Amino acid sequence: MRYLLLLLFFCLLGSSLSAQKFLQMERVGSFKVKRYYPGEQVTFKIQGDDSWYTEDILDVLIEDEIVLFTYRAIRIENITHLRSFQRKRWSKPMGQQLYNFGAGWLLFSLGAAIIREPPLSESSFTVPLAAGALGFLVQKIFRHQTYKMGKNRRLRLLDLSFQP
């Protein structure tokens with residue numbers, strides 16, 4: 001009897017759930033997908049325009065294949081690029097390690113200059129400066145990733161709602 005009540009409860013709960021509509025970016029030959037739900041912010045580029053737009057998704061119209069943004073409605077085939085601002089896992093730690101390397105080099109160069117008589121060499125300052133600049137560039141260059149829609153990537157609109 002308990003299992004019958006539990007089954008009835010889940011059946012009633014399933015019919016009252018709200019629909020899940022979302023924009024999904026897929027890559028050919030991969031099971032990994034990126035989903036964008038209504039309310040999320042998306043940065044995209046439109047076909048024939050070189051500007052990047054950052055807007056919130058208000059709704060997804062499945063039948064018409066249209067995504068409603070804050071200031072416009074766009075068909076999904078007109079979106080040519082999407083941009084993600086999630087950093088690569090390795091870019092921030094690598095930049096920090098380059099800063100640490102430069103600081104260590106400078107510290108040991110100054111320590112060596114105190115102990116021995118010859119003055120500091122050119123590499124005592126150029127290596128830490130180059131390491132710091134390289135660490136800064138690594139963090140800035142890999143701060144976002146751009147996805148181009150085409151042969152290997154595509155956008156789909158999905159609706160996972162249950163029809164009574």
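None of these values were measured; they are calculated from a predicted model.
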Inset, instruction - Mind running salt bridge (charged side-chain N to carboxylate O under 4.0 Å, His left out) on Arg156 and Glu26 for me, showing each step along the way? - result: CA-CA 8 Å; Arg156 285 179 46 189; Glu26 301 173 340; 3.0 Å; yes
Legend entry - side-chain contact (heavy atoms from CB on, under 4.5 Å) between Met25 and Met149, worked out: CA-CA 9 Å; Met25 180 177 59; Met149 302 304 132; 3.4 Å; yes
Inset, instruction - Check the pair Ile74, Ile66 against side-chain contact (heavy atoms from CB on, under 4.5 Å), reporting the backbone distance first and the verdict last. - result: CA-CA 5 Å; Ile74 300 173; Ile66 292 177; over 6 Å; no
Inset, instruction - Assess whether side-chain contact (heavy atoms from CB on, under 4.5 Å) is satisfied between Gln139 and Gln96, documenting all intermediate values. - result: CA-CA 9 Å; Gln139 288 182 347; Gln96 293 294 328; 3.7 Å; yes
Inset, instruction - Using the side-chain contact (heavy atoms from CB on, under 4.5 Å) rule, take Leu82 and Tyr36 through it: C-alpha gap first, then chi angles, then the decisive distance, then the call. - result: CA-CA 11 Å; Leu82 282 178; Tyr36 300 97; 3.8 Å; yes
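Of all heavy-atom pairs spanning Leu68 and Ala73, the tightest one is CD2-CB, 3.4 Å. Minimum heavy-atom separation, Leu157 to Leu61: CD1-O, 3.6 Å. Among all heavy-atom pairs drawn from Ser91 and Val138, the shortest one is O-CG1, 3.7 Å. In terms of heavy-atom proximity, Phe69 sits nearest to Ile57 at CE2-CG1, 3.7 Å.
Both Ile141 and Leu134 belong to a common hydrophobic cluster when Ile, Leu, Val, Met, Phe, Trp and Tyr are linked at side-chain heavy-atom distances under 4.5 angstrom. In terms of hydrophobic clustering, with Ile, Leu, Val, Met, Phe, Trp and Tyr side chains grouped at heavy-atom distances under 4.5 Å, Ile46 and Leu155 are assigned to a common cluster. A continuous path of ILVMFWY side-chain contacts below 4.5 Å connects Ile62 to Val67, so both sit in one hydrophobic cluster.
Using modelled atom types, one finds a donor on one side chain and an acceptor on the other under 3.5 Å when comparing Gln145 with Tyr147. Using a 3.5 Å distance cut-off with no hydrogens or angles, the side chains of Gln24 and Arg35 do pair a donor with an acceptor.
Under the side chain to side chain contact (heavy atoms under 4.5 Å, CB included) criterion, Leu129 pairs with no residue, sequence neighbours left out. With sequence neighbours excluded, no residue forms a ring-ring contact (aromatic ring centres under 6.0 Å, His included) with Phe136.
Side-chain heavy-atom separations under 4.5 angstrom define the hydrophobic clusters, and Ile115 shares its cluster with no other residue. Grouped by direct or indirect side-chain proximity (heavy atoms under 4.5 Å, Ile/Leu/Val/Met/Phe/Trp/Tyr only), Trp52 sits alone.
Side-chain atoms of Trp105 come within 3.5 Å of backbone atoms of Ser123 as a donor-acceptor pair (strictly under, hydrogens ignored).
Within the structure, salt bridge (charged side-chain N to carboxylate O under 4.0 Å, His left out) pairs that include any residue of residues 47-68 comprise Glu55-Arg72 (at least two apart or interchain).
With a 6.0 Å cutoff to the six-membered ring centre and a 45° limit on the axis angle, Lys140 does not count as a cation-pi contact of Phe142.
One distance of note links CD1 of Ile79 with OH of Tyr53; it measures 12.0 Å at 0.5 Å rounding. Considering CZ of Phe22 and CG of Leu160, their distance stands at 4.5 Å, rounded to 0.5 Å. The line from CD1 of Ile114 to OG of Ser109 is 11.0 Å long, rounded to the nearest 0.5 Å.
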Name every donor-acceptor pair, under 3.5 Å, that has one atom in a side chain of residues 38-45 and the other anywhere in the protein, sequence neighbours excluded.
from: Glu40; atom 1: OE2; to: Tyr37; atom 2: N; distance (Å): 3.4
from: Thr43; atom 1: OG1; to: Thr54; atom 2: OG1; distance (Å): 3.0

